[in-house]
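What follows is one structure encoded as structure tokens, with my remarks underneath.
This is a predicted model, so every value here is computed, not measured. Values reported hereafter were calculated over all heavy atoms of this structure, with side chains retained and with hydrogens, waters and symmetry mates removed. All ligand and atom numbering here is 1-based and tracks the order in the structure.
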Amino acid sequence: MKKHLCLLISLIIFFFTACKEAPKTDVPLYEISKAATTDKAMVVSAHPHATNIGVDLLQQGGNAYDAAIGVQFALAVVYPVAGNIGGGGFMVSRTKAGEITTLDYREKAPAAAHRDMYLDSLDNVIKGLSINGHLAAGVPGSVDGMFKIFEKYSKLKDFKKLIQPSIDLAEKGFKITAKQAQNLNGKQDAFKTCNTTMPVFVKDMPWKEGDLLVQKDLANTLKRIRDQGEAGFYEGETADLIVKEMQAGGGIISKEDLKNYDAVWRTPLNTVYKGYNIISMAPPSSGGIALTQLLEMVEPYPIKDWGFQSQKTVHLITEAERRVYADRAKHLGDNDYYKVPMEELKNPDYLKSRMKNFNPDLATSSDSIEAGVFEPKESEQTTHFSIVDQEGNAISITTTINSGYGSKTVVTGAGFLLNNEMDDFSSKPGTPNFYGLLGAEANAIEPGKRMLSSMTPSIVEKDNKLFMVVGTPGGSTIITSVFQTILNVTEFGMTMDEAVAAPRFHHQWKPDKIMVEKDAVSPADRIALEGMGHEFLERGSIGRVDAILIKPNGKLEGGADPRGDDHVAGF
Ligand code: GLY
């Protein structure tokens, strides 16, 4: 009997060992590279399909602008949480000859919008109205933005070639990743509440890794854009579908709003930091001004000697961020509607005076406000991609529908998600928005105005040559993530992938807390900083930086953020 029992146990052990050690047959869904070095060209984006489409277009002889258009449309299909044709964005580009241009294809408030549209009869903000559903959407700018880029810079001069890979992916479907399945499952209730007909994102059984996402309606919309150009989106059938959707769900975007949408070439902003020329986006993004202010405020201090995320470094950066976000709340908005005091905000004497009360030993207190404390509840979804082509042209694009899946409303029959960018306006002074950001008159809602953004697509030059292409999603944390990534390379000597992966922290004036990723600050430094009066708030990931560094030997070093499915590739 004992002998039989021993045999049985041996068999069980053998069976489990054999199962455990059986060779794995399942191949990964996608090859995802987080770091790469290439000779000539590179694309880094939030999804492997989008990166690969960009690289293919470059290999077909397209330039960075062609690749960027291909990537923007691909992300609209394979990264619906933030990629879009129903949103907007900003492009910062540098041609091989060193010409800098910046394009603003940010959404606009519809003509029927007004400053109190999210307030009840007692002047209180109606919770969620600017975030979920039809009324949250601004007039989309992405499609016009892509045509503006195409007309000015395309080398392939064949729009069909740029958009067709995305049409194929929408029509035939693509396999979703585990992270995408998790995101879609987390939004099922919101999709059901915010839609007049159930979109393809709603499923009876939970989504799982490897499920095929087919988007026929989106494919048809992309075909109309392919065949009719901009009119395929802003007029005709797509415009009819958008307006019908608005009428069904209480939204206000009209045919006139769509027809009148116009992306704008803006004057780039730049600042010189310790010999690096940092170029970024002007209003209606706050990114360029805020990045300028942050860099100028920390420049006099020896943060390289203090070290990465040391007590002194974290304290200094926090104090600079506190002051910059206070300025942002009061002074920044769409410069076409509100005179932003840009020169004053960037003035070196002003920035020195802002740091006059910086105490190296003590935290300054941010004034208390009557509105509640911001605690991030969901991820901030925007997306960024960086491209350098074989000729040396560089593109930094950040594009968004605002929070994850935007308004969660899909245009019936057209298959794309509408943004909830109206929440980036200040619905009421002193009341924080989704990101806990405060605003004032400068960012009040007006018809046709663009809502203030934090998007900070940036390009860095050194000795008049291209040095870095960088940007990130992350709502209010975008500016500080770009800032810290630039410092990680220029001050702390990190490689691009190290700089992108390094843990981050963030302070935005109100709430008066240093938000930290796990392990961003060592326990000893944290205790020391708390002793100086700082409060910490642990949170999930901050930003998803996708960036490219140009090495002294001309090679390209890419970093795709390990916080997502982001992928770098090139040749
Ligand atoms: N919607 C996020 C931003 O533009 O800052």
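- At a cut-off of 3.5 Å, with distance as the only test, no side-chain donor of Asp565 or Gln180 sits close to an acceptor on the other residue.
- Using a 4.0 Å cut-off between charged side-chain N and carboxylate O, Glu230 and Lys148 make no salt bridge.
- Here is the list of ligand 1 atoms found below 4.0 Å of a heavy atom in Ser454: 3 (C), 4 (O), 5 (O).
- Among all non-hydrogen protein atoms, the one lying nearest atom 4 (O) of ligand 1 is Ser453 OG, 2.7 Å.
- Listed by atom number, the atoms of ligand 1 under 4.0 Å from Met455 heavy atoms are 4 (O), 5 (O).
- A salt bridge does not link Lys108 to Asp336: none of the charged side-chain nitrogens sits closer than 4.0 Å to a carboxylate oxygen.
- For Met451, no heavy-atom contact with ligand 1 is shorter than 4.0 Å.
- In this structure, Arg354 pairs ionically with Asp327, as a charged nitrogen and a carboxylate oxygen lie closer than 4.0 Å.
- Under a 4.0 Å N-O distance rule, the pair Asp512/Arg322 qualifies as a salt bridge.
- For ligand 1, the atoms sitting less than 4.0 Å from at least one non-hydrogen atom of Asp424 are 1 (N), 2 (C), 3 (C), 4 (O), 5 (O), numbered in the order shown with element in parentheses.
- By the criterion of a heavy-atom distance under 4.0 Å, the side chain of Arg106, and not its backbone, is placed next to ligand 1.
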